[in-house]
Amino acid sequence: MLKQIFDWMTVIGLILLLGRILTAVFLFLDIPFTSFFKDYSIISIIILIIGLIGQQVVKDRKS
């Protein structure tokens with residue numbers, strides 16, 4: 001159960017990271033794009049970090 005939560009947090013964090021990268025590319029090219037990913041960049045980084053650390057802890061616990 002806990003492993004699935006951390007897996008989903010990692011997936012969501014990676015999707016938000018991809019969105020931030022796309023936002024940066026579109027802003028660099030002066031193409032209008034949603035500001036959703038720019039507005040929530042800190043939250044997405046936190047979700048990604050918690051997911052990755054949680055996966056590592058669960059993996060180390062099973063070994």
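As a basis for the values below, the full set of heavy atoms in this structure was taken, side chains included, without hydrogen atoms, waters or symmetry mates.
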* Asked: Taking the side chain as C-beta and beyond, is there a heavy-atom pair between Gln56 and Asp60 under 4.5 Å?
  -> yes
* Rounded to the nearest 0.5 Å, what separation is found between the CD1 atom of Ile50 and the CD1 atom of Ile45? -> 12.0 Å
* **Residue pair Phe6, Val57: steps toward the side-chain contact (heavy atoms from CB on, under 4.5 Å) verdict** => CA-CA 10 Å; Phe6 290 131; Val57 168; over 6 Å; no
* Structure fact -> Minimal heavy-atom distance between Leu17 and Leu48, with the atoms involved, is CD2-CD2, 4.3 Å
* Asked: How many angstroms lie between CD1 in Ile12 and CD1 in Ile47, if you round to the nearest 0.5 Å?
  -> 6.5 Å
* Asked: CG of Leu18 to CD1 of Ile15: how many Å apart, nearest 0.5 Å?
  -> 8.5 Å
* Minimal non-hydrogen separation, Gly51 against Met9, with atom names -> CA-CB, 3.9 Å
* Just one of Leu16, Val11, Thr10 clears the side-chain contact (heavy atoms from CB on, under 4.5 Å) bar with Leu14, so which one? -> Thr10
